[in-house]
Protein chains: 2
Amino acid sequence: MNINEAIDLLKEKGYKTTGKRKDILTFFEQADGYRTAKDLIQHLETTYEGISFDTVYRNLHLYNEVGILETTELNGEKLFRMNCTHHHHHHFICKDCGKTKEIDVCPMEEVVSELANYDIEGHKFEIYGVCPACQTV
Amino acid sequence: MNINEAIDLLKEKGYKTTGKRKDILTFFEQADGYRTAKDLIQHLETTYEGISFDTVYRNLHLYNEVGILETTELNGEKLFRMNCTHHHHHHFICKDCGKTKEIDVCPMEEVVSELANYDIEGHKFEIYGVCPACQTV
DNA sequence: TATAATACCGTAATGATTACGATTTGTAAA
DNA sequence: TTTACAAATCGTAATCATTACGGTATTATA
């Protein structure tokens with residue numbers, strides 16, 4: 001998902017385009033990995049001093065709902081990143097910079113046989129650690 | 001991990017045995033799945049009216065640290081369950097009752113080759129849904 | 001450009017968790 | 001079995017992320 005696709009999607013669904021909304025998209029496009037609401041607020045503060053929590057969280061939830069952002073949870077905080085729309089995959093997440101690496105292994109196929117009669121609604125497969133760029137040798 | 005193993009482990013490490021500590025162990029043994037701090041507090045309140053948050057959270061963290069409990073995070077809350085010590089595996093987690101089913105598939109072996117030069121510190125593979133017992137037909 | 005729906009602000013409320021000084025209790029040595 | 005002291009607990013306040021709300025401003029469109 002890129003910025004233009006995201007803006008089109010919002011328009012299509014009848015949401016309005018605002019400067020803040022565009023800036024949030026830019027932030028996540030440049031982030032190239034998971035970021036917290038706090039990270040986003042800090043970024044927006046430089047342009048929009050005193051931006052409201054309401055605005056930030058409302059838009060994060062909206063973006064997640066319409067599929068612009070995907071989300072996970074770590075250390076009691078929600079993390080957001082641009083949605084990878086091309087195909088199903090999982091992520092290695094760097095705990096230092098938040099950047100992610102795509103993992104194309106998905107174990108669900110092997111798993112379903114162990115879960116007959118279970119109603120499966122979702123799954124999460126994530127790998128945590130430090131990416132090469134963040135390793136101080 | 002059962003209650004006696006847990007108590008021995010605590011003694012071994014120099015921690016004191018108290019009624020509350022034993023009750024917490026009993027609670028998790030009977031729970032047979034993930035529970036929140038809130039669940040535990042509600043249970044303890046019936047015996048120890050006005051039990052302190054400090055006591056509850058301190059012991060949850062202690063138990064997690066020494067390996068009596070394992071933990072995960074869902075919907076902004078931490079969940080705790082008795083640690084499965086026998087071998088490495090993952091869980092299906094029922095979102096209604098919190099009970100878990102062991103999943104013996106672990107995708108990590110296939111993954112490491114995709115992550116040369118990455119420092120891998122941990123991983124999480126969980127499946128969410130509704131267990132057969134909780135499905136109202 | 002007028003209108004209405006949507007977005008945003010400023011701030012208060014919530015919910016889970018953490019923290020702290022004072023008090024109580026378990027343990028082991030005397 | 002008493003004593004002494006470290007550890008555990010209490011009662012409560014503080015913190016942190018997130019959610020909520022009444023009033024105001026802005027965007028889209030007719």
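Numbered from 1 within each chain, the chains take letters A, B, ... in sequence-line order. This one's a predicted model, so the numbers in the text were calculated from it and none came from an experiment.
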Phosphate oxygens OP1/OP2 of [N]: is one of them under 4.0 Å from a side-chain N or O of [X]?
X       : N      : answer
B:Asn59 : D:dT9  : yes
B:Lys20 : D:dC10 : yes
B:Thr17 : C:dG26 : no
B:Lys38 : C:dA16 : yes
B:His61 : C:dT18 : yes
A:Tyr57 : D:dT18 : yes
B:Ser52 : D:dT9  : no

Per the atom types in the model, does the base of C:dA16 pair as donor or acceptor with the side chain of B:Lys78 at under 3.5 Å?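 Flag unset: no donor-acceptor pair detected.
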
For the pair made of [atom1] in [X] and [atom2] in [N], what is the distance, rounded to whole Å?
X       : N      : atom1 : atom2 : result
B:Lys11 : D:dA7  : NZ    : P     : 17 Å
A:Glu45 : C:dC9  : CD    : C1'   : 12 Å
A:Tyr48 : D:dT26 : OH    : P     : 12 Å
B:Arg21 : D:dA7  : CZ    : P     : 11 Å
B:Asp39 : C:dA16 : CG    : P     : 10 Å
B:Asp23 : D:dA8  : CG    : P     : 16 Å
A:Asn75 : D:dT18 : CG    : P     : 12 Å

Quick one: sort the B:His89 and B:His87 rings into parallel, tilted or perpendicular, breaks at 30° and 60°. tilted

Of all the choices, [options], which nucleotide is nearest to the side chain of [X] once you look at every atom?
X       : options                : result
B:Thr18 : C:dG26, C:dC8, C:dT17  : C:dG26
A:Ile51 : D:dT19, C:dC9, D:dA8   : C:dC9
B:Glu77 : C:dT18, C:dA16, D:dA20 : C:dA16
B:Asp54 : C:dC20, D:dA28, D:dA8  : C:dC20
B:Arg58 : D:dT9, C:dA16, D:dC10  : D:dT9
B:Thr55 : D:dA8, C:dC9, D:dT9    : D:dT9

Would you sort out whether A:Glu65 and A:Tyr63 count as a side-chain hydrogen bond (donor to acceptor under 3.5 Å, both in side chains), showing the intermediate values? CA-CA 5 Å; A:Glu65 212 168 275; A:Tyr63 285 7; over 6 Å; no

Please check if the distance between the ring centroids of B:His123 and B:His90 is under 6.0 Å. yes

Do B:Phe28 and B:Arg35 have side chains that approach each other closer than 4.5 Å (heavy atoms only, starting at C-beta)?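 Sidechains of B:Arg35 and B:Phe28: in contact.
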
So how far is it from B:Thr36 OG1 to B:Leu79 CG, rounded to the nearest 0.5 Å? 7.0 Å

Within the structure shown, what part of the strands sits under 4.0 Å from [X] by heavy-atom distance: base, sugar-phosphate, or nothing?
X       : value
B:Gly14 : nothing
B:Phe53 : base
A:Thr36 : nothing

Start at the 5' end of DNA chain D and walk down; is the nucleotide closest to A:Lys16 or to B:Gly50 reached first? B:Gly50

Regarding B:Lys124 and B:Thr72, do their side chains bring together a donor and an acceptor under 3.5 Å, going by distance alone? yes

